[in-house]
Participant: 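The structure is given below, and queries will be raised subsequently.
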Amino acid sequence: MTRATRYARRKLDGLYTKLVTYRESVVEGGHVDLSQHVDDIVHQTQFNFKEPLAVLQTTNPPFLFRPMSQELLEMNPTEASLQFQFFDYTPGNVETMTSRNTARTQQTCNLIHTQARDFRLQARGMSYLTYPDLFFLDDRGFDQYYPPDPILQKGCAYHFFETVSDNTVLYPHITIIRGEPKNGQEDKILYGELATLITAMRNRANQRKVQSSEERNALLSADKDPAEFPFLFPDEEHFPVLLISCVGPQHARIFYACMDERKLHIRQSRLFSFEQRSTAPVSFFGSMLLNRAVMQVSEDELAEDDEVEKGSPQTTTPP
């Protein structure tokens with residue numbers, strides 16, 4: 001285990017306690033004031049995830065996800081049977097304002113999630129991450145928003161994904177699509193978004209390796225101490241997470257978080273409107289959702305991955 005890995009785990013545990021458990025920095029509207037945590041968190045807003053991949057992956061720290069190309073998305077269009085009725089939203093229009101944020105963020109999540117067809121996920125080496133996977137051993141930071149509202153519900157949608165390489169090596173990367181009924185504001189992060197990022201990274205950093213379902217169930221039922229088992233990712237230093245966050249009134253944005261140089265780095269895109277189905281950036285968000293995990297960034301690896309991306313038959317022919 002490297003020194004950086006040990007520090008990352010300690011830092012994530014500390015941030016979880018301060019920002020997720022105690023909610024000490026939540027301000028009006030459910031957003032989080034990170035100004036008191038500049039020594040621990042680097043929060044970059046208005047990040048352009050549409051930059052060329054060569055630019056994204058040479059930033060510091062590097063972007064460790066490779067979005068699916070628009071070309072491949074167009075080669076495998078979403079089937080008409082997967083389409084569903086989508087209600088446009090016009091601010092100020094009484095007819096479109098009768099539905100609650102919960103319903104609107106739910107349909108935004110569903111619209112983006114239609115891009116994650118099984119054969120597309122398989123081509124990226126991605127699979128759904130669900131309970132009872134030990135990633136969810138402590139899931140108190142998921143599916144939350146704050147402050148509570150008696151009318152609104154909790155986060156309305158969640159899908160988690162992980163990636164396994166061709167040689168069955170599990171990557172530490174986590175991809176999440178999530179809905180929240182709170183209204184998002186530019187350049188601010190909601191408590192539910194921050195809680196999701198920190199919890200996912202902390203859980204991945206502390207996830208244990210077991211040899212059987214019996215050992216897994218013993219951990220889930222607290223019959224065993226997690227310290228009795230080795231870490232699943234003993235030498236990982238970044239624990240990268242990509243979050244697609246659907247927020248009110250009918251918008252979405254992208255977050256990328258990772259540990260680097262003893263700090264938590266969070267990059268946040270602008271808000272994208274999904275108010276009108278005809279102009280919603282579904283393909284862009286689909287390409288971010290259908291990513292390929294990257295462990296290291298080098299010119300040779302980028303060039304090699306370009307060839308795989310262009311020529312992979314898996315991505316052009318559904319089963």
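Small disclaimer: the values here were computed from a predicted structure and weren't measured.
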Participant: Between L271 and I244, is there a shared hydrophobic cluster once you connect ILVMFWY residues whose side-chain heavy atoms come closer than 4.5 Å?
Facilitator: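 Looking at the clustering, I244 is in a separate group from L271.
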Participant: Any donor-acceptor pair under 3.5 Å linking the side chain of R124 with the backbone of L290?
Facilitator: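 A pair under 3.5 Å: yes.
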Participant: Do C246 and H251 touch side chain to side chain, with heavy atoms closer than 4.5 Å?
Facilitator: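 In short, these two side chains do not touch, never coming nearer than 4.5 Å.
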Participant: Nearest 0.5 angstrom please: L53 CG to R292 CZ, how far?
Facilitator: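 Rounded to the nearest 0.5 Å, the CG-CZ separation comes out at 11.0 Å.
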Participant: Counting neighbours of CD on E186 that are heavy atoms of other residues, nucleotides or ligands and sit closer than 6.0 Å, is the number greater than 12?
Facilitator: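 Yes, because the 6.0 Å sphere around CD of E186 holds more than 12 heavy atoms from other groups.
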Participant: Start with the C-alpha distance between F272 and F284, add both sets of side-chain angles, then the distance that settles ring pair (Phe, Tyr, Trp, His ring centres under 6.0 Å), and finish with yes or no.
Facilitator: CA-CA 10 Å; F272 290 83; F284 170 59; 5.5 Å; yes
Participant: Between T45 and D187, is there a donor-acceptor pair closer than 3.5 Å when you use the side chain of the first and the backbone of the second?
Facilitator: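 Answer holds: no.
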Participant: Taking the six-membered ring of Y89 as reference, does the cationic atom of R104 (NZ for Lys, CZ for Arg) lie under 6.0 Å from its centre and within 45° of its axis?
Facilitator: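 Ring-cation test returns yes.
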Participant: Do the charged groups of D133 and R216 touch, with an N to O distance under 4.0 Å?
Facilitator: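 Salt bridge: no.
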Participant: Using distance alone, with no hydrogens and no angle criterion, decide if T2 and T5 have a side-chain donor and acceptor under 3.5 Å apart.
Facilitator: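 Short answer, yes.
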Participant: Does F239 have R202 sitting over its ring (NZ/CZ under 6.0 Å from centre, angle to axis within 45°)?
Facilitator: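 Relative to the ring axis of F239, which defines the angle, R202 lies outside at least one limit.
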Participant: Short question: side chain of T59, backbone of L56 - any donor-acceptor pair under 3.5 Å?
Facilitator: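 Flag set: sc T59 to bb L56 pair under 3.5 Å.
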Participant: Less than 3.5 Å apart, any donor N or O on the side chain of Y7 or R262 sitting next to an acceptor on the other?
Facilitator: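 Looking only at side-chain atoms, R262 and Y7 do not form any donor-acceptor pair under 3.5 Å.
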Participant: Does R267 qualify as a cation-pi partner of F47, given the criterion of NZ or CZ under 6.0 Å from the six-membered ring centre and within 45 degrees of its axis?
Facilitator: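 Yes, a cation-pi geometry holds between R267 and F47.
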Participant: Do R178 and S245 meet the criterion of a side-chain donor-acceptor pair at a distance under 3.5 Å?
Facilitator: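 No - no donor-acceptor pair under 3.5 Å links their side chains.
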Participant: With distance as the sole criterion, is a donor-acceptor pair present between the side chains of T175 and N291 under 3.5 Å?
Facilitator: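 Result is yes, a qualifying pair exists.
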Participant: Please find the pair of heavy atoms, one from A257 and one from M201, that lie closest to each other, and give the distance.
Facilitator: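 Scanning both residues completely, I find the closest heavy atoms to be CB-SD, 3.7 Å.
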Participant: Say you draw a straight line from CZ of R100 to OG1 of T105; how long is it, rounded to the nearest 0.5 Å?
Facilitator: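 Spacing of CZ (R100) from OG1 (T105) equals 12.5 Å.
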Participant: Would you say H43 and Q268 are linked by a side-chain donor-acceptor pair, where the criterion is simply a distance under 3.5 Å?
Facilitator: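 The answer is yes; a qualifying pair exists.
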Participant: Donor-acceptor pair, distance only, cut-off 3.5 Å: does the side chain of E215 make one with the backbone of Q211?
Facilitator: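 Indeed, once roles are kept as given, a pair shorter than 3.5 Å links the two residues.
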Participant: Hey, quick one: are Y131 and V210 part of the same hydrophobic cluster, counting side-chain heavy atoms closer than 4.5 Å, chains of contacts allowed?
Facilitator: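 Y131 and V210: one cluster.
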Participant: Once the angle between the rings of F161 and H113 is folded into 0 to 90°, is it parallel (under 30°), tilted (30 to 60°) or perpendicular (over 60°)?
Facilitator: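 It falls in the tilted class, 30° to 60°.
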Participant: Please give me the minimum heavy-atom distance between A252 and I112, naming the atom from each residue.
Facilitator: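 So the minimum-distance heavy-atom pair works out to CB-CD1, 4.3 Å.
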Participant: Do the non-hydrogen side-chain atoms of T196 and L194 ever get within less than 4.5 Å of each other?
Facilitator: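 The answer is no, as the side chains (C-beta and beyond) never meet within the 4.5 Å cut-off.
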Participant: What's the shortest heavy-atom distance between P249 and N183, and which atoms?
Facilitator: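 In terms of heavy atoms, the two residues are closest at N-OD1, 3.1 Å.
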Participant: Got a list of side-chain donor-acceptor pairs under 3.5 Å for residues 217-224, not counting sequence neighbours?
Facilitator:
residue	atom	partner	partner atom	Å
N217	ND2	S213	O	3.2
S221	OG	N217	O	2.8
S221	OG	A218	O	3.3
S221	OG	D223	OD2	2.9

Participant: Can you tell me how far CZ of F231 sits from CD of E236, rounded to the nearest 0.5 angstrom?
Facilitator: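 The distance works out to 13.0 Å.
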Participant: When rounded to the nearest 0.5 angstrom, what distance separates CD in E180 from OG1 in T102?
Facilitator: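 Answer for the CD-OG1 pair, E180 versus T102, is 10.0 Å.
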Participant: List the steps and the verdict of side chain to side chain contact (heavy atoms under 4.5 Å, CB included) for L170 and L232.
Facilitator: CA-CA 9 Å; L170 179 65; L232 184 60; 3.8 Å; yes
Participant: Regarding R208 and E228, does a basic nitrogen lie under 4.0 Å from an acidic carboxylate oxygen?
Facilitator: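 A salt bridge is absent here (no side-chain N lies under 4.0 Å from a carboxylate O).
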Participant: Does the side chain of Q250 pick up a donor-acceptor pair with the side chain of Q276 at under 3.5 Å?
Facilitator: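 Distance-only check fails for Q250 and Q276.
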Participant: Taking the six-membered ring for Trp, are H173 and F65 ring centroids under 6.0 Å apart?
Facilitator: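 H173 vs F65: aromatic centres under 6.0 Å.
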Participant: Y158 and F160: aromatic ring centres closer than 6.0 Å?
Facilitator: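 So the answer is yes for these two rings.
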Participant: What pair of heavy atoms forms the shortest contact from D40 to K18, and how long is it?
Facilitator: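 What the structure gives for the nearest pair is OD2-NZ, 3.3 Å.
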Participant: Working to the nearest 0.5 Å, report the span between NZ of K50 and CE of M288.
Facilitator: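 The CE atom of M288 is 10.5 Å from NZ of K50, to the nearest 0.5 Å.
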Participant: Indicate whether the side chain of D138 and that of N203 have a donor and an acceptor atom separated by less than 3.5 Å.
Facilitator: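 Short answer, no.
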Participant: Side chains of E71 and S69: any donor to acceptor distance under 3.5 Å?
Facilitator: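 No, E71 and S69 have no side-chain donor paired with an acceptor closer than 3.5 Å.
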Participant: Are F63 and F49, when compared by the centres of their aromatic rings, separated by less than 6.0 Å?
Facilitator: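 So the answer is yes for these two rings.
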Participant: If we only count heavy atoms from C-beta on, is the Q107 to L111 side-chain gap below 4.5 Å?
Facilitator: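 No. Closest side-chain heavy atoms not under 4.5 Å.
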Participant: Do R253 and E193 meet the salt-bridge criterion of a basic N to acidic O distance under 4.0 Å?
Facilitator: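 Salt bridge present between E193 and R253.
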Participant: List the steps, then state whether side chain to side chain contact (heavy atoms under 4.5 Å, CB included) holds for R277 with V282.
Facilitator: CA-CA 9 Å; R277 173 66 180 87; V282 180; 3.8 Å; yes
Participant: Do V20 and I176 belong together in a cluster built from hydrophobic side chains that touch within less than 4.5 Å?
Facilitator: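 Yes, because V20 and I176 connect within a single hydrophobic cluster, where side-chain heavy atoms sit under 4.5 Å apart.
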Participant: Any idea which heavy atoms bring M295 and P172 closest together, and the distance?
Facilitator: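 Looks like SD-CD, 3.9 Å.
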Participant: Return yes if some donor-acceptor pair links the side-chain N/O of Y16 with the main-chain N/O of A195 below 3.5 Å, else return no.
Facilitator: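 Side chain of Y16 to backbone of A195: no pair is present.
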Participant: Any side-chain heavy atom of H238 sitting closer than 4.5 Å to one from L64?
Facilitator: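 When only atoms from C-beta onward are counted, L64 and H238 do touch, with a gap below 4.5 Å.
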Participant: If hydrophobic clusters are built by linking Ile, Leu, Val, Met, Phe, Trp and Tyr wherever their side-chain heavy atoms come under 4.5 Å apart, do L129 and I198 end up in the same one?
Facilitator: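 Linked within one cluster.
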Participant: Both conditions, 6.0 Å and 45 degrees, for the charged tip of K209 above the ring of F229: are they met here?
Facilitator: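 No cation-pi geometry.
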Participant: Using a 3.5 Å distance criterion without hydrogens, assess whether the side chain of T168 forms a donor-acceptor pair with backbone atoms of V164.
Facilitator: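 Checked: no pair found.
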Participant: Do V32 and L190 share a hydrophobic cluster (ILVMFWY, side-chain heavy atoms under 4.5 Å, transitive)?
Facilitator: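 Hydrophobic grouping puts V32 apart from L190.
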Participant: Are F274 and F86 an aromatic pair, judged by ring center distance below 6.0 Å?
Facilitator: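 For F86 and F274, the ring centres are not under 6.0 Å apart.
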Participant: How many angstroms lie between atom CG of L34 and atom CG of L19, to the nearest 0.5 angstrom?
Facilitator: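 Going from CG on L34 over to CG on L19, the span is 7.0 Å.
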Participant: Taking all atoms of both residues into account, what is the closest heavy-atom pair of Y128 and A116, and its distance?
Facilitator: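 The pair with the smallest heavy-atom distance is OH-O, 4.0 Å.
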